[in-house]
**Student:** 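Can you read through this structure? Questions will come right after.
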Amino acid sequence: MASDLARSWLTFSAPVAAAQAAGRPVVALESTIIAHGMPYPENVRTAREVEALIRGLGAEPATIAVMDGRIRIGLSDDELELLGRSKEAQKVSRRDLPAVLAGGGLGATTVAGTMICAALAGIEVFVTGGIGGVHRGAPESFDISADLQELAKTSVAVVCAGAKSILDIGLTLEYLETHGVPVLSCEQDNFAAFYTRDSGFRADYRLDDAAAQARFIRTKWDLGLAGGVVLSTPVPESAAMPREEIDALTRQALDEAKAQGIAGKAVTPFLLARIKALTGGRSLATNIALVRHNAEVGARLALALAAGSRR
């Protein structure tokens with residue numbers, strides 16, 4: 001009954017509804033990356049390119065957002081444009097979802113928010129840029145992203161370029177281990193670090209093949225082990241940035257955020273924008289490249305999960 005009540009808040013786009021009715025795989029996409037992660041018009045152009053890439057591989061994209069008191073599973077071109085241009089879109093995580101829905105506002109879903117909505121919609125695979133995690137200085141600030149708790153409880157596979165390099169990646173992985181969230185990596189042994197390919201920390205398991213990834217994930221859920229799976233894949237080498245450079249720029253941006261009193265969920269958008277400025281836009285090109293690559297990996301995983309379910 002609870003799930004039926006929750007699903008009553010969902011509105012599916014016609015392409016997503018048709019794909020689900022036909023048994024074709026659907027890949028969820030977050031909307032915070034559009035509203036808060038990239039500037040206009042690059043945000044909308046990237047969103048459209050990523051959707052087209054997923055369709056080209058045989059799956060259906062479902063960008064998720066909150067609009068007019070509804071959870072929208074799949075957006076039209078005009079709705080992507082609205083989200084990309086708006087200065088009013090609120091970041092929607094687990095805590096914020098009831099408020100934005102009840103108030104009828106415009107909301108861009110975070111990793112945690114998108115996982116919740118994808119699970120309600122019956123979507124198993126979600127592609128994002130990088131997951132949130134334990135922030136630097138968290139032992140004093142207790143600043144830990146809600147994404148990690150959502151991964152511990154919501155059964156959606158999250159394909160990402162690791163965790164954003166502005167975070168404490170070692171503590172992020174420790175937190176995921178404590179909560180029983182498996183961290184898979186493909187294309188390399190180590191966990192990725194968003195702008196850079198290698199965080200310096202090993203993932204739990206390396207699985208390069210989509211069918212093997214799907215078997216792992218399906219086995220976990222078949223055993224009744226609720227919760228998500230992180231699948232990390234590195235940014236393409238041609239677009240990656242040197243770790244030493246990003247680390248230095250991150251420290252500078254963090255110091256600036258602290259000096260300006262920026263805290264909470266405003267920190268990540270500030271840091272991404274500041275690093276873009278400090279790199280003369282190179283970090284934005286890297287961000288776009290990694291999102292496109294993640295979409296390819298996520299679409300293949302969704303196809304493999306669907307093929308396994310049909311056998």
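Atom set for the values below is all heavy atoms of this structure, side chains included, hydrogens, waters and symmetry mates excluded. This chain uses plain numbering: 1 for the first residue, then up along the sequence.
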**Student:** Apply side chain to side chain donor-acceptor pair (under 3.5 Å) to D208 and list each qualifying residue two or more places apart in sequence or on a separate chain.
**Tutor:**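 D208 satisfies side chain to side chain donor-acceptor pair (under 3.5 Å) with R206 once adjacent residues are dropped.
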**Student:** Hey, quick one: are L82 and Y40 part of the same hydrophobic cluster, counting side-chain heavy atoms closer than 4.5 Å, chains of contacts allowed?
**Tutor:**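 No, separate clusters.
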**Student:** Which donor-acceptor pairs under 3.5 Å do side chains of residues 294-306 form with protein atoms, sequence neighbours excluded?
**Tutor:**
residue, atom, partner, partner atom, Å
N294, ND2, T128, O, 2.8
N294, ND2, G129, O, 3.1
N294, ND2, L290, O, 3.3

**Student:** Kindly determine whether R251 and D247 satisfy side chain to side chain contact (heavy atoms under 4.5 Å, CB included), including the steps that lead there.
**Tutor:** CA-CA 6 Å; R251 287 193 295 271; D247 284 348; 3.8 Å; yes
**Student:** Who passes side chain to side chain contact (heavy atoms under 4.5 Å, CB included) against A99, sequence neighbours left out?
**Tutor:**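 A99: no side chain to side chain contact (heavy atoms under 4.5 Å, CB included) contacts found.
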**Student:** To the closest 0.5 Å, what do you measure between OG1 (T110) and CD1 (I64)?
**Tutor:**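 Those atoms lie 11.0 Å apart.
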**Student:** Who pairs with E256 by side chain to side chain donor-acceptor pair (under 3.5 Å), at least two apart in sequence or on another chain?
**Tutor:**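 Here the qualifying residues are Q252, R274.
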**Student:** Which residues pass the salt bridge (Lys or Arg N to Asp or Glu O under 4.0 Å) test with D77, sequence neighbours left out?
**Tutor:**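 Scan of D77 (salt bridge (Lys or Arg N to Asp or Glu O under 4.0 Å), adjacent residues dropped) gives R48.
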**Student:** Quick one: CD on E187 to CG on L207, what's the gap to the nearest 0.5 Å?
**Tutor:**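 It comes to 12.5 Å.
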**Student:** Yes or no on side chain to side chain contact (heavy atoms under 4.5 Å, CB included) for R292 and V50, after CA distance, side-chain angles and deciding distance?
**Tutor:** CA-CA 6 Å; R292 289 176 57 87; V50 166; 4.3 Å; yes
**Student:** Are V27 and I123 in one and the same hydrophobic cluster, where Ile, Leu, Val, Met, Phe, Trp and Tyr link if side-chain heavy atoms are under 4.5 Å apart?
**Tutor:**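 No.
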**Student:** What are the two closest non-hydrogen atoms of P234 and C186, and how far apart are they?
**Tutor:**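 The pair with the smallest heavy-atom distance is CD-O, 3.4 Å.
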**Student:** Would you mind listing every side chain to side chain donor-acceptor pair (under 3.5 Å) that reaches into residues 92-103, with sequence neighbours excluded?
**Tutor:**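 Sorted pair list: R94-E150.
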**Student:** Would one find more than 12 heavy atoms of other residues, nucleotides or ligands at under 6.0 Å from atom CD of Q260?
**Tutor:**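 Yes - once you tally the heavy atoms of other residues, nucleotides and ligands closer than 6.0 Å, there are more than 12.
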**Student:** After noting the C-alpha distance and the side-chain angles of L120 and W9, does the key distance pass the side chain to side chain contact (heavy atoms under 4.5 Å, CB included) rule?
**Tutor:** CA-CA 10 Å; L120 290 175; W9 289 90; over 6 Å; no
**Student:** Rounded to the nearest 0.5 Å, what separation is found between the CG atom of D222 and the CZ atom of R215?
**Tutor:**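 D222 CG to R215 CZ: 13.0 Å, rounded to 0.5 Å.
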**Student:** So which pairs with a foot in residues 13-22 pass side chain to side chain donor-acceptor pair (under 3.5 Å), sequence neighbours left out?
**Tutor:**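 The answer is none; no pair qualifies.
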**Student:** Looking at CD of E51 and CG of L29, how far apart are the two atoms once the value is rounded to the nearest 0.5 Å?
**Tutor:**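 Spacing of CD (E51) from CG (L29) equals 6.0 Å.
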**Student:** Connecting only ILVMFWY residues whose side-chain heavy atoms lie within less than 4.5 Å of each other, what is the rest of Y175's hydrophobic cluster?
**Tutor:**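 ILVMFWY cluster around Y175 also holds V111, M115, F126, I131, V134, I144, L148, L151, V156, V158, I169, L171, L173, L176, V181, V183, F191, F201, V230.
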**Student:** Checking A285 now: which residues fulfil side chain to side chain contact (heavy atoms under 4.5 Å, CB included) with it, not counting sequence neighbours?
**Tutor:**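 Checked A285 against side chain to side chain contact (heavy atoms under 4.5 Å, CB included); zero matches.
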**Student:** Looking at G132 and L167, what are the two nearest heavy atoms and their distance?
**Tutor:**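 In terms of heavy atoms, the two residues are closest at C-CD1, 3.6 Å.
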**Student:** Quick check against the 3.5 Å criterion: does S31 have a side-chain atom that pairs as donor or acceptor with the backbone of I34?
**Tutor:**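 No, the answer is negative, given that no donor and acceptor are paired below the 3.5 Å cut-off.
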**Student:** Within a radius of less than 6.0 Å around OH of Y205, do more than 12 heavy atoms belonging to other residues, nucleotides or ligands occur?
**Tutor:**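 No, not enclosed.
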**Student:** If we ignore hydrogens and angles and just use 3.5 Å, is the side chain of E60 paired with the main-chain N or O of V16 as donor and acceptor?
**Tutor:**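 Looks like no, no N/O pair under 3.5 Å.
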**Student:** So, taking the atom named OG1 in T11 and the one named CG in L75, what distance separates them when rounded to the nearest 0.5 Å?
**Tutor:**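 The CG atom of L75 is 11.0 Å from OG1 of T11, to the nearest 0.5 Å.
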**Student:** Just by distance, do the side chain of D204 and the backbone of L184 share a donor-acceptor pair under 3.5 Å?
**Tutor:**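 It does not hold such a pair.
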**Student:** List the residues meeting side chain to side chain contact (heavy atoms under 4.5 Å, CB included) with T196, not counting sequence neighbours, and say none if there are none.
**Tutor:**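 Side chain to side chain contact (heavy atoms under 4.5 Å, CB included) list for T196, sorted by chain: A193, R243, I246.
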**Student:** After noting the C-alpha distance and the side-chain angles of L272 and F194, does the key distance pass the side chain to side chain contact (heavy atoms under 4.5 Å, CB included) rule?
**Tutor:** CA-CA 11 Å; L272 293 175; F194 200 65; 4.1 Å; yes
**Student:** Looking at every heavy atom in both P39 and K276, which two are closest together, and how far apart are they?
**Tutor:**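 Shortest heavy-atom contact: CG-CE, 3.8 Å.
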**Student:** What heavy-atom pair brings G58 and R24 nearest, and what distance separates the two atoms?
**Tutor:**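 It is O-NH1, 4.0 Å.
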**Student:** Looking only at heavy atoms, what is the nearest atom pair of Q188 and R197, with distance?
**Tutor:**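 So the minimum-distance heavy-atom pair works out to NE2-O, 2.7 Å.
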**Student:** Donor-acceptor pair, T32 side chain versus T109 backbone, under 3.5 Å?
**Tutor:**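 At least one qualifying donor-acceptor pair exists.
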**Student:** Could you pull out the closest heavy-atom pair between S283 and M241, with the gap in Å?
**Tutor:**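 Reported closest heavy-atom pair: CA-SD, 3.7 Å.
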**Student:** In chain order, what residues pass the side chain to side chain contact (heavy atoms under 4.5 Å, CB included) check against L97, with sequence neighbours excluded?
**Tutor:**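 Applying side chain to side chain contact (heavy atoms under 4.5 Å, CB included) to L97 gives V66, I71, V92, L101, I116, C117.
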**Student:** Is it the case that one hydrophobic cluster holds both V229 and V26, taking links as side-chain heavy atoms less than 4.5 Å apart, direct or via other members?
**Tutor:**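 Looking at the clustering, V26 is in a separate group from V229.
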**Student:** Would V127 end up clustered with L80 when hydrophobic side chains under 4.5 Å apart are linked, directly or stepwise?
**Tutor:**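 The answer is yes; both residues are in one hydrophobic cluster.
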**Student:** In chain order, what residues pass the side chain to side chain donor-acceptor pair (under 3.5 Å) check against S86, with sequence neighbours excluded?
**Tutor:**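 Result, side chain to side chain donor-acceptor pair (under 3.5 Å) vs S86: none returned.
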**Student:** In this structure, would M67 and L10 fall into the same cluster of hydrophobic residues linked by side-chain contacts under 4.5 Å?
**Tutor:**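 No: no chain of side-chain contacts under 4.5 Å links M67 to L10.
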**Student:** Could you measure the distance from the CH2 atom of W221 to the CD atom of E124? Nearest 0.5 Å is fine.
**Tutor:**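 It is 5.0 Å, given to the nearest 0.5 Å.
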